[in-house]
Q: 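Below you'll find the structure I mean.
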Amino acid sequence: MLENILSLGFIQAFIELYGAEPAKNQLIIQKTRSEFEGDRTIVMFPFVKVAKRSPEQIAAEIGAKMKQSIDIVENFNVIKGFLNLSVSDHYWLNFFNQNHQNPQFGLKEQTTELPVVVEYSSPNTNKPLHLGHVRNNLLGYSVSEILKANGHKVVKVNLVNDRGIHICKSMLAWQKWGNGRSPENEDIKGDKLVGEMYVRFDKELKLQLAEMPVAGIDEDALLKKAPLMIEAQEMLQKWEAGDPETRLLWKTMNTWVYAGFDETYKRLGVDFDKIYYESQTYLLGKDLVKEGVESGVLFKKEDESVWCDLTADGLDEKLLLRADGTSVYMTQDLGTAELRANEYHPSKLIYVVGNEQNYHFDVLKLVLLKLQREWADAIEHLSYGMVELPQGKMKSREGTVVDADELMDEMVLTAKTMTEELGKSDNLSETEAARLYNQIGMGALKYFILKVDPKKTMMFNPQESVDFNGNTGPFIQYTHARINSLLRRSVEYGTVTTDNSLGKLLPKEKSLVLQLHNFPEILAEAGANRSPALIANYLYDLAKDFNQFYQEIPILKEEDATKLNFRLLLCTFTQQVLKSASALLGMEMPEKM
RNA sequence: GGUCUCGUAGCUCAGUUGGAUAGAGCAACAGCCUUCUAAGCUGUGGGUCGAAGGUUCGAAUCCUUCCGAGAUCACCA
């Protein structure tokens, strides 16, 4: 809006002055850096050729013209080739008056019919969720919320890997060494129990391998000969054949796992509109492959295995069906993608999956396009970076995995300790206090993870991540609570009216209004870039601006009724944007803290 | 080896299609609570933006090469 007014005004002035159109794609209106006077800046360098004048001269001439012709341009100054424009308080106040009451400020109504399908989480059922899953889940949830706020219809889906050799390992270990253990009879989360069995399998397998003769055999071959591996394979075959006993055990153990996952998801605050299970989708895709062989897009080798030749695209040959006709991961992903395409006709099919699978998704899309599936263009891999620990990568075998539940426990516990030390929970009931600790602990965790650009590898240092000062979730929450306290007290100062006749803004009032003005733009960018980090950074800037305003300018103590009234409205507006923006990250804002 | 990603302050991170003297937080140091919540605010110190070339009015940002880190190239998922 503001940018439109200014760029139209600029073009107009340029034509009048120089009789030629400026290159519109070169016209960049940016926010003026705080060390200079003005609100918006236009760089003149790109226009010197057409205008045949020095940048300073163009800036001076156009600045004068714009000041004269655009009523919201109150003043201008020129520094080197930069034209700095001061926008009138009238414009900012007008913006303020039109939006401060709107609880949906910045959020768009749903405008699209075709949904965006976002797949995230996608756990294996043989072990509990860990820190890596936490990043995945928080990202998937937040990106979905951000897309909704940008007017998209969103369907969140989860594809659970509930079958395969992994699960068989856990099942086998339970049969052999489980001694009838169950979550019910020993008060343990089901996913943890199944995870323990998986670890046990690995341990026993290692013992077995150590005793086997290694002469002349490579590792893979050795592994295939291990009796435990053979047993696990047999179990998988039984499962595929539908053997009732195997299926029953499988079902039982998966049920344990789901109960555990549900608990973790609930604490994380994530949810799904639809859950797919691989046991129901793993046979999909075979028809697609068959079709590809018939049309000559795919080819068979002598052993009857089916491949796709991607060497022309700079990739390798990719296996799609084994010699025995069974499918691989890629096969079923082809099928599952088609299933979703038919089910939802999505405008986008977003997969929130780690960047270790970049190659997989390149291939997935390519193969589908080769198979003439035009909708595959909608496939988008939201490829996020790994989470590393100070010791390096997380490795389950080395026991360096950070468990999701334990992590949340720790965050909440630290929040409790911290809050009690500050004496902020003294007047709270036990329930209220518990709720607060949870909000703070989870807020700290979510903000810490989401403030980093999804694409980047991030470092998770357990000590630093629990910090509650500075650029953290609790800082945002504190600001919200602070405003809330102010508004509670404001009742004593009479009725706040929405009528506002303020004429002039103080510097800190103005920065805050400008920051609020930024929100819609930031939200749009966060949607386009699939980046909760932009929202997180914005929240921090907004909270910081508010705290500076709060520190410097009296609010309740202001005696002028118009000023008092305006400042209270400014508080309400800020609080509300803090709340709706942090909701996009899945962060709750406490009323008091 | 092929392909791809990343290198910004001691540490964790911003830096939006190339724009002004590269910014925050943490950590260190110095201030601010008899006045609206000090989980806050203000200030100081801290940088060869991995290195070298190139493109141009202008490069942390684009191109090339090199150095360093990581991912991937499975009849695992």
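Heavy-atom basis, side chains included; hydrogens, waters and symmetry copies ignored. Order of the sequence lines fixes the chain letters, A, B, ..., with proteins taken first and strands second; residue numbering starts at 1 for each chain. Everything numeric in this text was worked out from a predicted model, so none of it was measured.
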Q: So, the side chain of A:N358 versus the backbone of A:N355: is there a donor-acceptor pair under 3.5 Å, distance only?
A: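 Yes, because the side chain of A:N358 sits within donor-acceptor range (under 3.5 Å) of the backbone of A:N355.
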Q: Checking all strands, does A:I42 fall into the base, sugar-phosphate, or nothing category for heavy-atom contacts under 4.0 angstrom?
A: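 No contact at all - A:I42 keeps every heavy atom at 4.0 Å or more from the nucleic acid.
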Q: Taking a pair as Watson-Crick or G-U wobble with both distances under 3.5 Å, which nucleotide is matched to B:C36?
A: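 Its partner is none (no Watson-Crick or G-U wobble pair with both distances under 3.5 Å).
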Q: Considering only B:A77, B:C75, B:A39, which nucleotide approaches the side chain of A:N161 most closely?
A: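 The answer is B:A77.
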Q: With respect to the phosphate group of B:G23, does any side-chain polar atom (N or O) of A:R33 fall under 4.0 Å of OP1 or OP2?
A: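 For B:G23, OP1/OP2 do have a side-chain N/O of A:R33 under 4.0 Å.
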Q: Given B:U37, B:U72, B:G19, identify the nucleotide with an atom nearest to the side chain of A:Q30.
A: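 Output: B:G19.
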Q: With sugar-phosphate meaning primed atoms plus P, OP1 and OP2, does A:P46 contact a base, only sugar-phosphate, or nothing at under 4.0 Å between heavy atoms?
A: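 Base, at least one base heavy atom under 4.0 Å.
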Q: Heavy atoms under 4.0 Å, any strand shown: does A:V452 hit a base, just sugar-phosphate, or nothing?
A: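 Sugar-phosphate, no base atom in range.
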Q: Report which part of the nucleic acid A:Q357 touches: base, sugar-phosphate, or nothing (heavy-atom distance under 4.0 Å, all strands).
A: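 Result for A:Q357 = base.
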Q: Please verify the inter-ring angle class for A:F10 with A:F47; under 30° counts as parallel, over 60° as perpendicular, anything in between as tilted.
A: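 Judged by the thresholds at 30° and 60°, the geometry between A:F10 and A:F47 is tilted.
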Q: Less than 4.5 Å apart, side chain to side chain, heavy atoms only: is that true for A:I555 and A:Y550?
A: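 A:I555 reaches A:Y550 side chain to side chain.
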Q: Under the criterion of centre distance below 5.5 Å and interplanar angle below 30°, is A:F45 classified as stacked on the base of B:G19?
A: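 A stacking contact exists, since A:F45 sits close and nearly parallel to the base ring of B:G19.
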Q: Which one, B:A20, B:G15, B:A77, comes nearest to the side chain of A:F36?
A: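 Looking only at side-chain atoms, A:F36 lies closest to B:A20.
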Q: Does A:L556 reach the side chain of A:L568, with side-chain heavy atoms less than 4.5 Å apart?
A: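 With C-beta onward as the side chain, the pair touches.
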Q: Is the shortest side-chain N/O distance from A:K544 to OP1 or OP2 of B:G25 below 4.0 Å?
A: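 So the side chain of A:K544 is within the cut-off, an N or O lying under 4.0 Å from OP1 or OP2 of B:G25.
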Q: Within the 4.0 Å heavy-atom criterion, would you say A:K455 contacts the bases, only the backbone, or no part of the nucleic acid?
A: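 Here A:K455 touches no strand at all.
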Q: Let's see if you can work this out: which of B:A20, B:C76, B:G40 has an atom nearest to the side-chain heavy atoms of A:H166?
A: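 Among the listed nucleotides, the one closest to the side chain of A:H166 is B:C76.
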Q: Is it the case that the side chain of A:D560 and the backbone of A:T562 share a donor-acceptor pair, with hydrogens and angles ignored and the cut-off at 3.5 Å?
A: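 The answer is yes, because a donor-acceptor pair under 3.5 Å joins these two groups.
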Q: Could you tell me whether the phosphate oxygens of B:G70, OP1 or OP2, come under 4.0 Å of any side-chain nitrogen or oxygen in A:N355?
A: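 Answer is no, no contact under 4.0 Å.
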Q: Have a look at A:K557 and say if it touches a base, only the backbone sugar-phosphate, or nothing, with a 4.0 Å heavy-atom cut-off.
A: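 Base contact.
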Q: Using a cut-off of 4.0 Å on non-hydrogen atoms, how would the nucleic acid contact of A:N126 be classed: base, sugar-phosphate, or nothing?
A: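 No contact at all - A:N126 keeps every heavy atom at 4.0 Å or more from the nucleic acid.
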Q: When all nucleic acid strands are considered with a 4.0 Å heavy-atom cut-off, which category describes A:E525: base, sugar-phosphate, or nothing?
A: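 Touches a base.
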Q: Under a 3.5 Å cut-off for both distances, is B:U72 Watson-Crick or wobble paired, and to whom?
A: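 Across any shown strand, B:U72 pairs with B:G2.
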Q: When all nucleic acid strands are considered with a 4.0 Å heavy-atom cut-off, which category describes A:T479: base, sugar-phosphate, or nothing?
A: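 Since no nucleic acid heavy atom lies under 4.0 Å of A:T479, the category is nothing.
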Q: Measure from CD1 on A:I58 to P on B:G19 and round the result to the nearest Å.
A: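 Roughly 19 Å, once rounded to whole Å.
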Q: Consider only side-chain N and O atoms of A:S122 and A:E119, and report whether a donor and an acceptor are under 3.5 Å apart.
A: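 Yes, because at least one side-chain N or O of A:S122 sits under 3.5 Å from a partner of the opposite role on A:E119.
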Q: Could you tell me whether A:D303 contacts a base, only the sugar-phosphate backbone, or nothing, with contacts defined as non-hydrogen atoms closer than 4.0 Å?
A: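 If one applies the 4.0 Å heavy-atom cut-off, A:D303 turns out to touch a base.
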Q: Between B:U72, B:A39, B:A24, which nucleotide gets closest to the side-chain atoms of A:Y540?
A: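 Ranking B:U72, B:A39, B:A24 by closest atom to the A:Y540 side chain puts B:A24 first.
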Q: With a cut-off of under 6.0 Å to the ring centre and 45° to the axis, is A:R135 in cation-pi contact with A:Y384?
A: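 Here A:R135 fails the 6.0 Å and 45° test against A:Y384.
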Q: How long is the line joining CG of A:L487 and P of B:U37, in whole Å?
A: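 That distance rounds to 11 Å.
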Q: Out of B:C36, B:U72, B:A14, which has the shortest distance to the side chain of A:E356?
A: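 When the side chain of A:E356 is considered, B:U72 is the closest of B:C36, B:U72, B:A14.
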Q: Contact class for A:T41 vs. all strands (heavy atom < 4.0 Å): base, sugar-phosphate, or nothing?
A: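 Since a base atom lies under 4.0 Å of A:T41, the category is base.
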Q: State whether A:Y359 places a side-chain N or O below 4.0 Å from either non-bridging phosphate oxygen (OP1 or OP2) of B:U72.
A: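 Result: no.
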Q: In terms of the angle between their ring planes, are A:F448 and A:F460 parallel, tilted or perpendicular, with boundaries placed at 30° and 60°?
A: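 A:F448 vs A:F460 ring planes: perpendicular.
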Q: Taking only the side-chain heavy atoms of A:K424 (C-beta and beyond), determine which of B:A39, B:A77, B:A20 contains the nearest atom.
A: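 Among B:A39, B:A77, B:A20, the one nearest the side chain of A:K424 is B:A39.
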Q: For A:N358, which contact category applies under a 4.0 Å heavy-atom criterion: base, sugar-phosphate, or nothing?
A: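 No contact.
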Q: Of the nucleotides B:C41, B:C36, B:A20, which has the atom closest to the A:F475 side chain?
A: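 Taking heavy atoms from C-beta onward, the closest nucleotide is B:C41.
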Q: Does B:C76 have OP1 or OP2 sitting under 4.0 Å from an N or O in the side chain of A:K169?
A: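 False: A:K169 side-chain N/O out of range (4.0 Å or more) of B:C76 OP1/OP2.
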Q: Is the phosphate of B:G70, meaning OP1 or OP2, less than 4.0 Å from a side-chain N or O of A:K456?
A: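 A:K456 to B:G70 OP1/OP2: no side-chain N or O under 4.0 Å.
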Q: Just to be sure I understand the rule, does A:A481 reach a base, reach only the sugar-phosphate, or reach nothing, if contact means heavy atoms closer than 4.0 Å?
A: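 Counting heavy atoms under 4.0 Å across all strands, the contact made by A:A481 includes a base.
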Q: Under a 3.5 Å cut-off for both contacts, is B:C29 paired Watson-Crick or G-U wobble with anything, and if yes, with which nucleotide?
A: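 The answer is B:G43, by the H-bond criterion.
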Q: Describe the nucleic acid contact of A:M458 in one word from base, sugar-phosphate, nothing, applying a heavy-atom distance below 4.0 Å.
A: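 A:M458: backbone/sugar contact only, no base atoms under 4.0 Å.
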Q: Using the ring of A:W307 (Phe, Tyr or Trp, six-membered ring only), decide whether A:K318 places NZ or CZ under 6.0 Å from its centre and within 45 degrees of its axis.
A: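 Judged by the rule (NZ or CZ under 6.0 Å from the ring centre, within 45° of its axis), A:K318 is not positioned above A:W307.
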Q: Which glycosidic conformation, syn or anti, is assigned to B:C11 if syn requires a torsion within 90° of zero?
A: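 Base orientation: anti.
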Q: Using OP1 and OP2 only, check whether a side-chain N or O of A:Q548 sits under 4.0 Å from B:U42.
A: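 For B:U42, OP1/OP2 do have a side-chain N/O of A:Q548 under 4.0 Å.
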Q: So, does the side chain of A:D333 form a donor-acceptor pair with the base of B:A77 at under 3.5 Å?
A: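 Between B:A77 and A:D333, which were checked side chain against base, a qualifying N/O pair under 3.5 Å is absent.
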Q: Consider the side chain of A:T32, meaning its heavy atoms from C-beta on, and name the nucleotide among B:C36, B:A20, B:C75 that approaches it most closely.
A: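 Given the options B:C36, B:A20, B:C75, the side chain of A:T32 is closest to B:A20.
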Q: Please tell me which of the listed nucleotides, B:A77, B:C57, B:G40, lies nearest to the side chain of A:E278?
A: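 Minimum distance to the A:E278 side chain belongs to B:A77.
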Q: Does A:R322 have a side-chain nitrogen or oxygen under 4.0 Å from the phosphate oxygens OP1 or OP2 of B:C76?
A: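 Result: yes.
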Q: Does B:G23 pair with anything, Watson-Crick or G-U wobble, both distances under 3.5 Å, and if so, with which nucleotide?
A: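 In the structure as shown, B:G23 has B:C13 as its Watson-Crick or wobble partner.
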